[in-house]
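In what follows, a structure is listed as structure tokens, so that the remarks can point back to it.
Every chain is numbered from 1, with letters handed out A, B, ... down the list of sequences.
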Amino acid sequence: EEGLDRRKMGREAFVERVWQWKRESGDTIKRQMVQLGASCDWSRERFTFDEGLSRAVREAFVRLYRKGLIYRGEYMVNWCPRCITAISDLEVTHEESNGHLWHIQYPVNGTGRHLVVATTRPETMLGDTAVAVNEVDSRYFDLHGKTVQLPLMDRTIPIVLDDLADPEFGTGVVKVTPAHDLNDFECGKRHKLARIKVIDETGHMTEAAGPYAGLDRFEARKRVVADLEKLGLLVKIEPYTMSVGECQRCKTVVEPLISKQWFVKMKPLAEKAIAAVESRRIEFVPENWSKTYFEWMYNIRDWCVSRQLWWGHRIPAWHCRNCEEVMVAAEAPLTCARCGAAGLEQDPDVLDTWFSAGLWPFSTMGWPDQTEDLAVYYPTTLLITGFDIIFFWVARMIVMGLECMGQVPFRQVYIHGLIRDAERQKMSKTKGNVVDPLVVTEKYGTDAVRLALVMGAAPGTDIVLSQERMESTRAFANKIWNAARFLFLNMERSAVAPWVPSREIDEAAAEPYKPEADAETLTVPLEDRWIFSRLNACAEQANAAIAQYRFHEAAQVLWQFFWHEFCDWYVELKKLRFQENSGLNAHWRNTLAAFETALRLLHPVMPFLTEELWQRMGPEGASGRPPSIALAPYPRYSHGASDLIAERQVNLLQEIIGAARDLRADMKLDPKLPLSGTLYARGAAYAVGTAQAEAIRRLANVKLEFVQDGAPPKGAVRSTHEFDLALEVPMAQTGAHRTRLEKEKEQLDKVIANSRRQLSDEAFMSKAPAKVVESIRHKLGDYQAQLDKTEAALAGLAE
RNA sequence: GGGCGCGUAGCUCAGUUGGUUAGAGCGCCUGCUUCACACGCAGGAGGUCACAGGUUCGAGUCCUGUCGCGCCCACCA
């Protein structure tokens with residue numbers, strides 16, 4: 001707000017004004033304060049910070065202070081003239097901007113010569129207290145020890161020798177403004193130069209700026225340039241791109257100012273924090289981010305933690321009005337420790353919010369008290385966050401944790417990508433391209449949005465959240481829902497009682513379900529043996545992926561399994577059974593157990609949908625059943641639950657059905673047209689084919705005869721090395737089939753040639769591991785057999 | 001100036017330690033209102049993995065360079 005300067009009006013009046021503003025601006029401030037951990041008593045228009053947190057902040061501050069890690073000093077800080085507060089280095093964002101480089105003549109006293117300095121900020125020349133040249137710069141040897149006359153201010157200032165001046169840059173002469181530039185400040189200290197502050201806390205020129213006093217800093221710049229031009233001291237103006245520091249919050253150009261502030265001495269803290277990551281007491285995932293962390297820690301500067309804002313935790317320091325003693329203490333002292341005077345005043349400044357945020361891992365657990373929570377939850381195992389707050393928060397939690405607790409706050413830091421929109425733009429509140437979770441969850445469903453995020457969250461990459469992705473995950477959610485609907489419908493039709501196998505919360509008691517044998521045949525149906533083996537494999541992969549934070553991979557495994565194994569094959573195969581079966585028998589129990597296991601597997605990525613379906617599956621309050629799927633054990637790999645024979649057999653079945661479908665498609669035949677054919681089967685294919693004849697008829701719409709080891713006729717034949725499938729086709733259009741076979745032959749020729757070349761390569765044979773050689777030899781045999789089949793089929797077509 | 005990362009199918013991206021004929025979703029093409037699902041089913045087309053070298057028996061994967069793109073940090077007159 002215009003003219004709102006807390007320093008000038010005093011804290012009480014300032015707060016009064018802000019509250020007035022608050023009443024006019026609705027609940028914005030209330031929300032901000034709640035985010036800051038304050039609780040607000042709206043009716044009484046007062047707020048207090050959570051006392052526990054405040055106590056932790058005071059305690060941490062005092063501890064660091066006593067260890068000499070916090071000091072109060074006059075130093076160059078980033079100052080936002082709009083917020084009227086100091087801000088930390090991290091809160092300054094640098095923007096490229098097109099500026100100018102003004103070249104200005106400074107007359108050298110007693111020589112008649114001029115020095116030319118270049119600057120991007122001519123208004124600061126009003127505060128110049130020296131010009132610098134480099135000691136080694138031969139152009140200026142004769143000017144050592146001389147003075148120049150500062151134009152406009154008519155002040156005599158020395159020429160100093162300093163490395164600040166780079167002989168390579170411009171004229172090699174640089175103006176020195178110790179009060180408004182960090183480099184110049186350091187240079188000023190080296191040469192004991194005066195600091196003349198020409199810009200004040202609101203961005204206006206001070207009395208020290210003489211005729212320019214009271215002007216806005218940018219207006220002053222124009223006037224200074226104009227006046228120099230009039231005096232003929234402006235040599236030239238060059239266009240110049242530079243990066244300008246802006247206040248992260250309000251985009252105002254930051255002003256470097258000298259100011260008395262509280263700082264945290266970072267070097268010793270950073271050393272410990274670096275060691276914690278180097279020794280792997282803390283690990284970044286992906287590991288690469290530790291480089292970013294190190295980079296920052298190695299180049300760290302002291303952290304300005306005081307803010308001239310009205311909200312936040314006040315600095316626990318008290319000033320004596322009498323002797324100006326400063327006392328840092330957790331509780332307000334009554335009298336001055338030095339002179340004994342009463343009437344101490346608390347420091348009006350508040351702390352950077354990240355100071356208290358850095359205490360989060362232990363302040364939330366009751367620290368500084370030694371609570372049970374603290375003992376259990378500190379350090380915690382994992383912190384999940386985005387890379388954009390590694391510096392702001394992660395690094396500071398590590399620093400504070402090590403200092404206050406003597407122990408790292410967490411063991412691993414998983415850094416996920418940033419969410420980007422469909423144009424790959426970073427989403428941010430200020431850009432306005434944020435996705436409103438309420439809108440998209442309304443449109444696509446909460447689980448679909450969640451799954452889209454998870455599937456996009458490959459480690460080390462950003463997350464692209466697009467309509468298309470959410471549409472496809474919605475389709476997946478819909479698929480699950482419909483699969484369930486189908487099962488429930490058939491249960492009703494077959495008068496099957498609801499049932500879920502007991503899943504006790506105690507994981508040790510949760511044995512994997514073993515598929516039951518059919519009462520009549522006394523065998524376990526093939527599709528059940530297969531699906532539980534696949535569920536087992538899926539659980540193994542999902543668990544492994546999750547353990548490595550490869551969430552996208554877990555989601556993909558689950559997607560592939562549920563859609564393309566459970567729905568496409570298992571449910572399709574079970575359709576045959578549902579027609580024959582009624583009542584809760586082995587078939588139904590196996591089916592329901594498989595579905596229930598799949599739901600538990602899917603639960604982390606589709607929590608709402610799976611919970612809903614899981615609740616609908618079984619009778620309420622069934623004994624041994626947890627009240628929520630979230631409490632049921634997550635399926636785990638069990639060695640005994642694998643059935644590789646069943647997997648092999650179902651693969652064969654899929655190949656037979658696939659071959660029939662391929663032929664039908666190649667021959668351009670109507671899918672509704674029932675066909676008949678013969679399977680010339682070798683080995684296991686005969687047994688599988690005959691046993692699953694009905695499944696083949698249903699899924700491929702082909703009625704098959706089975707012949708063991710026979711040779712197929714010519715015509716519509718599809719072969720693998722385990723069978724030849726011949727279809728009786730009325731009017732064969734063999735064009736597409738021929739194209740397919742020719743393409744296959746071409747590919748096989750290629751890979752066979754490749755394999756042969758490798759196997760005849762002496763270097764390969766002598767150096768490659770035996771395992772690799774063996775596998776290539778084996779594969780070559782397979783390719784060769786396939787090629788024979790393909791060529792035979794092609795020859796058959798030719799006649 | 002310093003650091004990090006990316007360039008793979010028309011689009012958006014996976015591809016863990018180098019080893020089958022490089023994958024997915026969307027889009028596209030063909031055919032299906034098959035009684036869970038057209039937000040679906042079946043089949044299909046489509047990639048000299050940015051470019052140039054190198055290491056290796058073997059490179060999308062490792063190294064170097066080039067080009068293009070992005071991000072972070074910085075006391076860049």
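- Taking the C1' atom of each, B:G68 and B:C51 are spaced 11 Å apart, rounded to whole Å.
- In this structure, the CG atom of A:L451 is 21 Å from the P atom of B:U12, given to the nearest Å.
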Indicate every side-chain donor-acceptor pair of residues 777-784 of chain A with a distance under 3.5 Å to a residue at least two apart or in another chain.
{"residue": "A:Q784", "atom": "OE1", "partner": "A:R756", "partner atom": "NH2", "Å": "2.8"}

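- Under the 4.5 Å side-chain criterion, counting only non-hydrogen atoms from C-beta, A:K745 is not in contact with A:R740.
- For A:K743, no side-chain nitrogen or oxygen approaches OP1 or OP2 of B:G44 to under 4.0 Å.
- When the nearest nucleotides of RNA chain B are assigned to A:A118 and A:Q548 by heavy-atom distance, the more 5′-ward of the two goes with A:Q548.
- Within the structure, a side-chain polar atom (N or O) of A:H94 is placed less than 4.0 Å from OP1 or OP2 of B:C75.
- Aromatic ring pairs are classed by plane angle as parallel below 30°, tilted from 30° to 60° and perpendicular above 60°; the pair A:F578 and A:W588 is parallel.
- Applying the 4.0 Å criterion to OP1 and OP2 of B:G44, one finds that A:R740 has a side-chain N or O inside that range.
- A donor N or O paired with an acceptor N or O is found under 3.5 Å between the base of B:C37 and the side-chain atoms of A:K479.
- The side chain of A:K750 places no N or O atom within less than 4.0 Å of a non-bridging phosphate oxygen (OP1 or OP2) of B:U21.
- Remark: A:W563 is in phosphate contact with B:C41, judged by side-chain N or O atoms under 4.0 Å from OP1 or OP2.
- Between the CZ atom of A:F294 and the P atom of B:C73 there is a distance of 19 Å, rounded to whole Å.
- One finds no side-chain N or O of A:R469 lying less than 4.0 angstrom from the OP1 or OP2 phosphate oxygen of B:C13.
- For A:F764, the listed nucleotide lying nearest its side chain is B:G19; candidates were B:A77, B:A74, B:G19.
- Only the P atoms considered, B:C67 is 15 Å distant from B:A52, to the nearest whole Å.
- With a 6.0 Å cutoff to the six-membered ring centre and a 45° limit on the axis angle, A:R221 does not count as a cation-pi contact of A:W102.
- Here the separation of B:A24 from B:A9, taken at their C1' atoms, is 11 Å to the nearest Å.
- Across B:C75, B:U21, B:C26, the shortest atom-to-atom separation from the side chain of A:E468 is found for B:C26.
- With rounding to the nearest 0.5 angstrom, the CZ atom of A:F561 is 7.0 Å from the CZ atom of A:F566.
- Under the 30°/60° scheme for interplanar angles, the aromatic rings of A:Y75 and A:F263 are found to stand perpendicular.
- One interatomic measurement links the two molecules: CD1 of A:I390 to P of B:G3, which rounds to 18 Å at whole-angstrom precision.
- At least one side-chain nitrogen or oxygen of A:N288 sits closer than 4.0 Å to the OP1 or OP2 atom of B:G5.
- Contact annotation: A:R550 side-chain N/O to B:G15 OP1/OP2 distance is under 4.0 Å.
- One atom, CZ of A:R698, and another, P of B:A42, lie 14 Å apart when rounded to the nearest Å.
- In RNA chain B, the stems built from three or more successive Watson-Crick or G-U pairs (distances below 3.5 Å) are B:1-7 with B:67-73, B:10-13 with B:23-26, B:28-32 with B:40-44, B:50-54 with B:62-66.
- Closest to the A:T120 side chain, of the nucleotides B:G19, B:A77, B:U33, is B:A77.
- Atom C1' of B:G43 sits at a distance of 40 Å from the matching atom of B:G5, rounded to the whole Å.
- Between A:L663 and A:M667 there is a side-chain heavy-atom pair separated by less than 4.5 Å.
- A donor-acceptor contact under 3.5 Å is formed by the side chain of A:E572 with the base of B:A36.
- Rounded to whole Å, the distance from CD1 on A:I300 to P on B:A74 is 10 Å.
- For the pair A:K575 and A:F486, the distance from NZ or CZ to the six-membered ring centre is under 6.0 Å and the angle to the ring normal is within 45 degrees.
- For the pair A:R190 and A:D162, the minimum side-chain heavy-atom distance is below 4.5 Å.
- Taking side-chain N and O atoms only, A:Y240 has no distance below 4.0 Å to OP1 or OP2 of B:A77.
- Residue A:M455 contributes atom CE, which lies 10 Å from atom P of B:C26 at whole-angstrom precision.
- Contact check, A:K291 against B:C71: no side-chain N or O comes under 4.0 Å of OP1 or OP2.
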